[in-house]
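These numbers come from the heavy atoms of this one structure, side chains and all, not from hydrogens, waters or symmetry mates.
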Amino acid sequence: MNRKQQLNKYLKKHTKKQPKNYTGALLALGAITTATATAVVLSKKKNSSKSKHVSLPQYIDHNEQQVYFVGGGLASLAGAAYLIRDCHFQGSNIHILEGMKILGGSNDGAGNVTNGFVCRGGRMLNEETYENFWELFASIPSLDMPNMSVTEEILNFDHLHPTHAQARLIDKDGVIQDVTSMGFNTQDRALLGKLMITPEEKLDDMTIEEWFTSSPHFFTTNFWYMWQTTFAFQKWSSLFEFKRYMERMIFEFSRIETLEGVTRTPYNQYDSVILPLRTYLEGYGVNFRTDATVTDIDFKDGHGITASAIHVQNAEGEEDVITLNAQDLCIMTNGCMTDSATLGDLHTPAIYDPSHPISGELWAKVAAKKEGLGNPEPFFGYPDETNWESFTVTCKGNKLLKKIEQFSGNIPGSGALMTFKESNWLMSIVVAAQPHFKNQPADTTIFWGYGLFTDKVGNYVKKPMRDCTGEELLTELIHHFHWEDELDELMEDVVNVIPCMMPYIDSQFQPRKMSDRPKVVPEGSTNFAMISQFVEIPEDMVFTEEYSVRAARMAIYKLMGVKNKQICPVTPFKKDKKVLLKALKTSYR
């Protein structure tokens with residue numbers, strides 16, 4: 001089954017997908033222009049037909065049933081959309097409680113031309129494996145493209161901007177590395193093969209490093225540097241999650257060196273994903289309450305799990321209690337990877353303060369009240385292991401972006417991650433297609449980067465990454481490019497560099513037991529579910545948009561008794577003989 005057939009299996013009548021054009025290696029601007037021109041023709045053909053996702057859900061009386069979502073991230077917004085679309089629920093009876101001033105959770109993007117722009121992170125999408133994400137957003141109208149869904153808009157944009165990274169790894173001398181070979185030896189391949197056939201129940205609390213103890217060479221391979229920085233794994237990350245990624249993303253294994261599997265959104269994920277979804281929900285009258293921190297959830301005494309009250313604190317510290325009636329539902333985000341995130345600026349470091357992760361503390365309170373609600377301690381108890389730092393660079397003009405383009409051979413939006421493999425911080429950057437923000441002027445350019453080892457002293461700036469200002473982070477990067485002779489000139493065009501320290505950004509990858517993550521709808525629950533990157537969904541992989549959407553769909557369908565619709569299953573690429581053969585050949589390159 002080819003890529004077009006795979007996606008059409010889930011979208012069917014919602015959208016007609018065009019295959020990506022990866023002809024040629026995009027070695028020159030001419031090749032890019034040719035590919036783009038071809039994609040434009042395909043796009044025009046696709047857009048000429050009327051979209052088929054315009055039918056509006058009809059309201060069905062649910063006897064004044066209320067649904068409360070704790071947390072305003074993608075999972076909660078998706079859950080609200082499923083209630084409206086598939087349960088014909090009245091929007092005014094859906095309530096989303098968010099502790100921050102803005103919705104979106106970890107899908108963010110904000111700023112302006114004066115103070116600079118910032119994304120805490122960039123959430124990678126994938127065309128082949130985000131089954132429920134594409135299906136849901138096929139029913140969410142685009143805000144910018146008339147008669148198109150968000151799914152159509154994103155895939156159309158992505159096909160016009162194919163990815164083929166030409167500078168994936170860079171050495172200490174500023175030389176782009178040949179990453180055609182994964183760099184494995186016989187022992188590396190043997191251990192990877194053994195891992196793929198080892199049952200998960202034998203991997204409790206194990207780390208990736210423990211599995212490869214007999215072959216430390218594995219951590220020097222091109223594969224590890226690329227896989228680690230693409231998905232933000234650490235050596236001490238959960239072997240569970242590494243195995244699930246290998247199985248779920250086996251399709252991407254054979255092209256990890258070019259990152260052709262990265263699906264791009266037209267703008268940052270807030271503008272391209274959250275904003276149209278929120279607008280859709282607003283159109284149905286969904287109630288949003290921001291600056292509203294849920295501090296506790298009460299449950300009825302006795303056996304079973306029935307939420308009875310939600311404690312909410314506003315920005316002024318005043319608390320009120322929402323009493324749940326017998327038919328009401330409570331759906332909680334049990335953990336957020338961007339808890340305790342802080343921002344700096346050009347002259348100020350982002351403060352490292354892992355204390356009081358809001359969602360982690362709420363989960364701990366809830367888990368102590370009932371069996372089966374998981375254990376947050378492995379995820380929110382080790383911030384020194386789970387942190388990394390990102391930074392967003394805003395410039396007037398395109399001088400710096402032009403130099404990066406000339407160095408890498410990739411125009412903005414075509415190159416994905418560039419990793420400086422001998423950087424003490426393991427620094428990577430990515431240059432998105434411009435503009436990356438809806439309010440970004442044509443004469444302003446931005447790019448994003450991150451480092452995995454924030455406690456290490458820089459190669460050139462002799463301070464730990466977490467103690468550096470935005471200016472110092474960019475100075476370190478320019479030295480890795482070996483452009484230090486042009487440092488002052490390049491800095492003249494910099495509007496701001498905004499660091500973002502995230503103490504729990506890797507928390508979902510922590511070593512754990514199978515029982516540490518709760519089920520989406522715990523055993524014995526009558527009206528309570530948990531949706532996040534910290535619930536257990538067999539076969540699927542965390543740190544993805546798909547995981548949030550899938551969890552939300554599972555919660556709504558189970559609690560609302562939806563029988564006439566099916567959750568899109570995990571695509572079994574790990575059982576596809578052609579995919580496996582291609583991966584095997586790649587391991588011997």
Side-chain angles (χ1 to χ4, degrees), residues 105-106 120-121 203-213 216 219 224-225 227-242 245 334-344 348-364 367 374-391 419-428 449-459 461-470 472-473 476 498-513 516-517 532-534 542-543:
S106 299
R120 289 180 294 181
L203 306 178
D204 265 5
D205 284 329
M206 286 192 68
T207 68
I208 301 171
E209 191 168 30
E210 288 171 336
W211 185 262
F212 288 96
T213 297
F219 296 107
W224 172 247
Y225 279 111
W227 199 265
Q228 175 185 28
T229 52
T230 299
F231 303 116
F233 279 107
Q234 301 278 22
K235 291 180 182 180
W236 54 84
S237 295
S238 166
L239 191 60
F240 273 133
E241 301 310 327
F242 181 71
Y245 262 76
N334 65 308
C336 175
M337 64 183 122
T338 47
D339 266 4
S340 304
T342 58
L343 300 177
T348 310
I351 297 170
Y352 173 66
D353 181 10
S355 61
H356 305 300
I358 294 174
S359 64
E361 291 187 339
L362 176 62
W363 183 12
N375 174 23
E377 195 275 336
F379 309 105
F380 289 91
Y382 303 90
D384 283 343
E385 295 180 3
T386 60
N387 76 86
W388 46 260
E389 186 168 23
S390 70
F391 56 96
T419 295
F420 299 89
K421 59 180 293 187
E422 289 158 297
S423 160
N424 291 346
W425 302 339
L426 195 55
M427 180 184 278
S428 301
Y450 88 109
L452 277 172
F453 305 134
T454 69
D455 60 331
K456 304 299 183 185
V457 173
N459 301 68
V461 176
K462 297 303 180 181
K463 295 169 64 174
M465 184 180 189
R466 67 178 62 164
D467 295 336
C468 287
T469 65
E472 289 167 334
L473 295 176
E476 179 81 2
I498 301 179
C500 179
M501 168 52 69
M502 296 172 283
Y504 299 103
I505 189 64
D506 252 4
S507 53
Q508 66 279 348
F509 282 161
Q510 280 296 93
R512 62 177 178 87
K513 294 180 174 63
D516 287 332
R517 294 200 308 214
S532 72
Q533 301 295 314
F534 300 91
V542 295
F543 212 3

For this session: Supply the atom-to-atom distance Thr229 OG1 to Leu426 CG, rounded to the nearest 0.5 angstrom.
Result: 6.0 Å
Exercise. Can you check whether Ala341's main-chain N or O pairs, donor with acceptor, with Thr338's side chain at less than 3.5 Å?
Worked result: no
Exercise. Mind checking whether Phe379 and Phe534 have parallel, tilted or perpendicular rings, split at 30° and 60°?
Worked result: perpendicular
Exercise. Is it true that a side-chain atom of Gln508 and a backbone atom of Gln533 form a donor plus acceptor pair closer than 3.5 Å?
Worked result: no
Problem set entry | Donor-acceptor contact below 3.5 Å, side chain Trp425 vs main chain Lys456 | yes
Exercise. Can any side-chain N or O of Glu476 pair as donor or acceptor with the backbone N or O of Asn459 at less than 3.5 Å?
Worked result: yes
Exercise. Would you say Asp467's side chain and Pro464's backbone share a donor-acceptor pair under 3.5 angstrom?
Worked result: no
For this session: Measure from the side-chain N and O atoms of Asn424 to the backbone N and O of Val457, and report whether any donor-acceptor pair falls under 3.5 Å.
Result: yes
Problem set entry | Sole residue of Asp384, Thr342, Asp455, Thr454 in side-chain hydrogen bond (donor to acceptor under 3.5 Å, both in side chains) with Tyr352 | Asp384
Problem set entry | Flag, side chain of Asn334 to backbone of Trp363, donor-acceptor distance under 3.5 Å | no
Exercise. Roughly how far apart are Trp388 CH2 and Met427 CE, rounded to 0.5 Å?
Worked result: 13.0 Å
For this session: Walk me through it: do Asp506 and Tyr382 pass the test side chain to side chain donor-acceptor pair (under 3.5 Å)?
Result: CA-CA 10 Å; Asp506 252 4; Tyr382 303 90; over 6 Å; no
Problem set entry | Residue list, salt bridge (charged side-chain N to carboxylate O under 4.0 Å, His left out) with Glu472, at least two apart or on another chain | Lys463
Exercise. Do Ser507 and Thr386 meet the criterion of a side-chain donor-acceptor pair at a distance under 3.5 Å?
Worked result: no
Exercise. Looking only at atom types and distance, does a side-chain atom of Thr419 sit under 3.5 Å from a main-chain N or O of Lys421, one as donor and one as acceptor?
Worked result: no
Seminar exercise, completed: The residue among Phe509, Phe543, Trp227 that forms ring pair (Phe, Tyr, Trp, His ring centres under 6.0 Å) with Tyr245 is Phe509
Problem set entry | Phe233 CZ to Ser238 OG distance, which is reported to the nearest 0.5 Å | 8.0 Å
Exercise. Of the non-hydrogen atoms in Pro499 and Glu389, which two are nearest, and what is the gap between them?
Worked result: CB-OE2, 3.4 Å
Exercise. Does a donor on one side chain and an acceptor on the other come within less than 3.5 Å for Glu385 and Gln510?
Worked result: yes
